[in-house]
Amino acid sequence: QTTSATAVAASTDTTGTLRVVINLFVAHMLVNTLLLSPWNELRCAYWNKPLCSTDESWICNWFCYSHLHVSVLLAALAYSAQASREQLEKLGYLICSIILCHLGTGIAMLDMLDRTMASLQCLVYAGVVSSILYLTYQDPEDMRTRELTDHVAKLNLSDASLSLSNSSSFGRKKYSLSTMAVGMHLISSIIRVMDMTFGDGRNGYKGDMSSPIYQAISNFAVMDMLIASTLLLFALLFFRGDQHKMVLYAQGFVLMVSLYMLLISSQGDGIQADMVVAGSVGSFVFWLVSLVGAI
């Protein structure tokens with residue numbers, strides 16, 4: 001019993017530290033978003049350039065938006081998972097995968113990046129990955145103790161689970177409205193990524209897209225869109241229906257920003273009119289989906 005209590009106490013300590021590491025990574029993502037924002041004149045310093053051209057500034061605004069999307073979704077998942085060690089561990093591993101995506105994309109474009117800023121990013125990423133792997137490492141004896149504790153907890157809930165399964169019609173699993181709303185967002189997100197990758201989603205800009213830096217920033221933005229889709233899928237697989245409401249709050253906020261960029265700011269002026277209309281209608285419809293699902 002003493003060994004079990006010690007293992008549980010140690011797990012509690014590392015859970016708190018893991019939560020801090022995940023929150024620090026979310027904060028780092030938000031800081032990067034601020035550095036990419038329009039009011040930072042030196043944001044093209046990432047690409048070893050003192051100032052952005054007009055076209056590069058335009059695509060950088062969308063990269064800032066996509067980075068904000070990922071940051072807000074990560075913050076929502078981190079908040080929802082803060083009481084669950086298992087969800088925090090899975091989210092930590094997902095963050096490690098996101099970091100690997102960033103590193104892979106950065107390495108492919110290393111010649112365009114500022115080496116000093118790239119090195120700082122790598123140091124932060126190395127610290128986050130090392131911390132997550134260290135904090136989620138499980139000693140075999142601790143794993144057995146934890147499995148025993150989980151088994152006892154499941155036994156205590158078995159009667160309630162059995163009665164719920166027996167009361168459901170034909171044993172069908174029922175999904176909450178918030179879960180279905182997140183699923184709709186996931187399908188829409190995947191379609192957008194496919195269009196940006198294999199379709200004409202990136203061809204609606206009226207300006208000059210020939211700049212290598214423009215293309216590099218555009219690729220980073222599409223990568224963020226893919227990461228956002230992965231975060232939505234992660235939420236569907238590993239989070240409960242009541243936790244999905246926080247994800248929908250995040251999606252609703254991001255879609256409001258999208259509507260502002262398309263309809264109010266000058267960002268929509270650089271896109272063909274039919275694509276502005278389609279993007280605005282889609283953003284508004286899925287904002288309503290978020291609103292209904294979060295109620």
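Sequential numbering from 1 along the given sequence is applied to the chain's residues. What you see below is based on every heavy atom in this structure, not just the backbone, and it leaves out hydrogens, waters and symmetry mates.
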Got a donor-acceptor contact below 3.5 angstrom from the [X] side chain to the [Y] backbone?
{"X": "D55", "Y": "D208", "answer": "yes"}
{"X": "D195", "Y": "I191", "answer": "no"}
{"X": "Q251", "Y": "W287", "answer": "no"}
{"X": "S189", "Y": "L186", "answer": "no"}
{"X": "S188", "Y": "M184", "answer": "no"}
{"X": "S66", "Y": "M225", "answer": "no"}
{"X": "N23", "Y": "R19", "answer": "yes"}
{"X": "S283", "Y": "S280", "answer": "no"}
{"X": "Q243", "Y": "R240", "answer": "yes"}
{"X": "Q267", "Y": "W58", "answer": "yes"}

Just wondering, more than 12 heavy atoms not from [X] lying within 6.0 Å of its [atom1]?
{"X": "Y93", "atom1": "OH", "answer": "yes"}
{"X": "M117", "atom1": "CE", "answer": "yes"}
{"X": "Y79", "atom1": "OH", "answer": "no"}

Euclidean distance, [Y] [atom2] relative to [X] [atom1], rounded to 0.5 Å:
{"X": "M196", "Y": "N219", "atom1": "CE", "atom2": "CG", "result": "12.0 Å"}
{"X": "T197", "Y": "L226", "atom1": "OG1", "atom2": "CG", "result": "7.5 Å"}
{"X": "L36", "Y": "H67", "atom1": "CG", "atom2": "NE2", "result": "6.0 Å"}
{"X": "M209", "Y": "R202", "atom1": "CE", "atom2": "CZ", "result": "9.5 Å"}

State, to 0.1 Å, how close [X] and [Y] come at their nearest heavy-atom pair, and which atoms those are.
{"X": "K245", "Y": "A294", "answer": "CD-O, 3.7 Å"}
{"X": "G241", "Y": "S176", "answer": "CA-OG, 3.5 Å"}
{"X": "S71", "Y": "T33", "answer": "OG-OG1, 3.5 Å"}
{"X": "F284", "Y": "L259", "answer": "N-CD2, 4.0 Å"}
{"X": "I132", "Y": "G92", "answer": "CD1-O, 3.5 Å"}

Criterion side chain to side chain donor-acceptor pair (under 3.5 Å) on Y260 and S265, from CA distance to verdict: CA-CA 6 Å; Y260 170 80; S265 74; 5.6 Å; no
Are H185 and F286 an aromatic pair, judged by ring center distance below 6.0 Å?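 Aromatic pair counts; centres sit under 6.0 Å.
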Residues D224 and Y65: side-chain donor-acceptor under 3.5 angstrom: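 Note: D224 and Y65 side chains miss the donor-acceptor criterion.
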Assess, by modelled atom type and distance only, whether the side chains of S53 and E56 contain a donor and an acceptor separated by less than 3.5 Å.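 Side chains of S53 and E56: pair found under 3.5 Å.
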In terms of ring plane angle, is the pair Y125 and H28 parallel, tilted or perpendicular, where the classes change at 30° and 60°?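 The arrangement is perpendicular - the two ring planes meet at more than 60°.
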